[in-house]
Protein chains: 2
Amino acid sequence: MLRSRLTKSEQEAILALPAQEVRTAAHRDIVRPGHCSTFSTLVVDGLVARFDQLANGHRQITALHIVGDFCDLHSVVVPETGWGMESLTDSVVRQVPHEALRDLVKSSPAIALAFWRDTVVDSSVLAKWASALGRRSAKSRLAHLLCEMGLRFEQAGLSTDSDFDFPITQSQIADVLGVTPVHLNRTMQALRQDGLLVTNGSRFRLPDQPRLCRIAQFDPAYLLLHKPPND
Amino acid sequence: MLRSRLTKSEQEAILALPAQEVRTAAHRDIVRPGHCSTFSTLVVDGLVARFDQLANGHRQITALHIVGDFCDLHSVVVPETGWGMESLTDSVVRQVPHEALRDLVKSSPAIALAFWRDTVVDSSVLAKWASALGRRSAKSRLAHLLCEMGLRFEQAGLSTDSDFDFPITQSQIADVLGVTPVHLNRTMQALRQDGLLVTNGSRFRLPDQPRLCRIAQFDPAYLLLHKPPND
DNA sequence: CGTGACCTTGATGTTAGTCAACGAATGTGG
DNA sequence: CCACATTCGTTGACTAACATCAAGGTCACG
C-alpha cells in the first residue's frame, strides 16, 4: 500500500487507524477547494482525482489516485486546501482523522519517514506531469498517461499494464492532459489509427506498448516502484 | 528559512549541520538527472532551478529557488533523481549530506515534520504551476510567475513585491512557462504594452499589480506564507 | 575589432481552442 | 412500452495561440 518498507507492527498500526468509510457517486467533490481539511483520504474502491480550479470553472487534474492510494497525506502537515478532490467513478474512501495520523507519526519515526516519502513520490509524479504539460504535444501526453496508468494498475495487482479497466470519461482525461474534450477525442482517434490504442467502454488495450512508450518518452523511474528501504 | 515554527535549539541544530559550500557559475548543472544524490542543497546566494529534461534536450523548469530555499530536501527520503538542478546565475550553495539530515530527523520529530512540511509546500507550488501550464495562456502564466516571484522575494526580505531584481534570461523564463523563447519575448512585450511590466536589465517593476494579479488569477494562499504551527 | 550571449522582429506553419450540431446509449416517469 | 431528458462521444468549420525558421540588432568582453 505505502511505497516504503515497514515492519509488521508498523503496518498493523496504520491499518488499525480509526477511519470513517464513505461511499460517493461519480462526479462528486469529496474535498472542496479553499477549505481546511481535518482528515486524509484512502481510496478503497474507485478512482479519485485531485484538481485545481480556475476562476472560469475549468479544472486541471493534478493527480489520479487508484485503489490503495493515500491521496492527500500531505494535508497532515498542510491542511489548507488550495486544491479539491473529486470522485471520477462511484467510489469508496476511508477518511482518517489528521489527529490520529499525527499521533502515529509522533510515536514512530519510521512511519513518519514512510508518510513523508509517500508524499514525495506523489510530488515526483506531479513534476513529471508538469514537464509533460509544458513541453509535450497532446498525443505524447496521452501516450504517457496511458503508459503510467497501465503500470500503476499492474503494480496494484488490478490488471496487466497493456490491458486495463480505466473508468474515466474523455472530458476527465482532457482535464488531466490540459486540453479540451474535443481535442482529446481527436487525439485518441489519432492513437487508434496508429494502432496504439483500442478501447471498448472503459477497457483500454495498448497493442504496441514499445512504440507507445517511445512516443510518450516514458521512463517509469519517476514512479519509484523499486521501494528502497528508508535508511 | 524553513516554513515552519521551530524552537531555538531546533533552529540551531539545523544551522549547525555539516555542509560543503560550493560556488558555481551561471548555467551550470549542479545535479545531473538520473543519478542518486547524497546531499541536499541550500541556496546561499543566487538563483537555482530544478528541471526535467526531454529526449530532444528541451527543458521544463519545475521549480525556482531563491536565497534561503532548501531546494531538494525531498531527496532525503527519495535520493533517486529523475530531475536535475541548474544554477541560473552565479550561485553559492551549501550541500548538506543526507546522512546528517537523516540523523537529525530521527532525533527530532518536530524537525522531521518541518522538513516534510517544507517539501509539501514545494509540492503545492508545483501543483499550482502544473495547473497553470495546463489551463492558462502564456500571458497569464507570465503574470502569475511575476506575482509569485515578487511575493517570494519580498518574503525573503530581498525587495518589495512590485520592484525586484530577477536575474534570469528570457530563455530560462521560457523554460519555466513551457513556451519558446521567441514567444516569451512577445508575451513580455504584450505585458509591457499593457503597462503591467517595466524591465531594466534584471530589474522587474510591476506598475499595476492589482491588474496583473487579475490577469494571473493570483491567489497567494498556495504559497502558505502564514506559517501555522506544526501541531 | 571580433565573438558570443541575449534580445528582437517578420513570415509562415502547426497545434489546439471555440462554436455548433448530431448520434448513441442510458435512465426516468407516465 | 414510449416520450423525454441527460450524458457522452463524435464531427465539421473556423479561429486563436503558439512553434518554427531565419535574420538582424545590441551589448559586454577579450
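Note on naming: letters A, B, ... go to the chains in the order of the sequence lines (proteins, then strands), and numbering restarts at 1 for each one. Only heavy atoms go into these numbers, but all of them, side chains included; no hydrogens, no water, no symmetry mates.
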Open item on the list: Check K128(A) with D52(B), please: is the shortest side-chain N to carboxylate O separation under 4.0 Å?
Closed with: yes

What are the atom names and distances for every N/O pair under 3.5 Å that joins the protein to nucleotides 20-29 of chain C?
none

Open item on the list: For T62(A) and W83(A), which I'm curious about, is there any donor-acceptor pair between the side chains at under 3.5 Å?
Closed with: no

Open item on the list: On DNA chain D, does the nearest nucleotide to V179(B) precede the nearest nucleotide to M188(A) from the 5' side, or the other way round? Give the residue.
Closed with: M188(A)

Task: Distance in angstrom units between I173(B) CD1 and dA5(C) P, rounded - done: 19 Å

Task: Test item: side-chain donor near acceptor, Y222(B) and E80(A), under 3.5 Å - done: no

- [ ] Please examine the side chains of L151(B) and L223(B), heavy atoms only from C-beta on, and report whether any two atoms are closer than 4.5 Å.
- [x] yes

- [ ] Determine whether the side chains of T199(B) and R192(B) contain a donor N or O and an acceptor N or O closer than 3.5 Å.
- [x] yes

Task: dG17(C) OP1/OP2 closer than 4.0 Å to side-chain N/O of H58(A) - done: no

TODO: Take the protein atom CZ of R135(B) and the nucleotide atom C1' of dA16(C), then report the distance between them rounded to whole Å.
DONE: 11 Å

Open item on the list: Expressed as a whole number of angstroms, how long is the span from Q193(B):CD to dT9(C):C1'?
Closed with: 13 Å

- [ ] Round to a whole Å and report the spacing from CG of L184(A) to P of dT15(C).
- [x] 16 Å

Open item on the list: dA19(D), OP1 or OP2 - any side-chain N/O from R136(A) closer than 4.0 Å?
Closed with: no

Task: S171(B) vs G178(A), nearer the 5' end of DNA chain C by closest nucleotide - done: S171(B)

Open item on the list: Does dT8(C) have its OP1 or OP2 closer than 4.0 Å to a side-chain nitrogen or oxygen of Q170(B)?
Closed with: yes

Open item on the list: Just the rounded figure in Å: distance from C1' of dC8(D) to CG of N200(A).
Closed with: 15 Å

Open item on the list: Under 3.5 Å, is there a donor on one side chain and an acceptor on the other for H98(B) and S75(B)?
Closed with: yes

Task: Between dA5(C) (C1') and I168(B) (CD1): distance, integer Å - done: 16 Å

Open item on the list: Using five base pairs at each end to define the local axes, how bent is the helix from dC1(C)-dG30(D) to dG30(C)-dC1(D), to the nearest 10°?
Closed with: 30°

Open item on the list: Of the listed nucleotides (dC18(D), dA19(D), dT8(C)), which one gets closest to any side-chain atom of A138(B)?
Closed with: dC18(D)

Open item on the list: Can you tell whether the side chains of D90(A) and R28(A) come within less than 4.0 Å, N to carboxylate O?
Closed with: no

Task: Interatomic distance where NE2 belongs to H183(A) and P belongs to dT11(D) [whole Å] - done: 15 Å

Open item on the list: Strictly below 4.0 Å: does H27(B) bring a side-chain N or O up to OP1 or OP2 of dG4(C)?
Closed with: no

- [ ] For residues V48(B) and M85(B), determine if any side-chain heavy atom of one lies less than 4.5 Å from a side-chain heavy atom of the other.
- [x] yes

TODO: Looking at every strand, decide which applies to S137(B) at a 4.0 Å heavy-atom threshold: base, sugar-phosphate, or nothing.
DONE: sugar-phosphate

Task: Length of the CG-P vector between L191(B) and dC7(C), whole Å - done: 16 Å

TODO: Using a heavy-atom cut-off of under 4.0 Å over every strand shown, decide if T169(B) touches base, sugar-phosphate, or nothing.
DONE: sugar-phosphate

Task: Nearest heavy atoms of I215(A) and S140(A), plus distance in Å - done: O-OG, 3.1 Å

Open item on the list: Side-chain N or O of R192(A) versus OP1/OP2 of dG9(D): is the shortest distance under 4.0 Å?
Closed with: no

Open item on the list: On the nucleotide dC7(C), are OP1 or OP2 found under 4.0 Å from the side-chain N or O atoms that N185(B) carries?
Closed with: no

Task: R186(B) (side chain) and dG10(C) (base): donor-acceptor pair under 3.5 Å - done: yes

Task: Candidates R152(B), R94(B), R50(B) - the one meeting salt bridge (charged side-chain N to carboxylate O under 4.0 Å, His left out) with D69(B) - done: R152(B)

Open item on the list: Take a 6.0 Å sphere around CZ of R211(A) and say whether it holds more than 12 heavy atoms from other residues, nucleotides or ligands.
Closed with: yes

Open item on the list: Please confirm whether the shortest side-chain N or O distance from Q189(A) to OP1 or OP2 of dG9(D) is below 4.0 Å.
Closed with: no

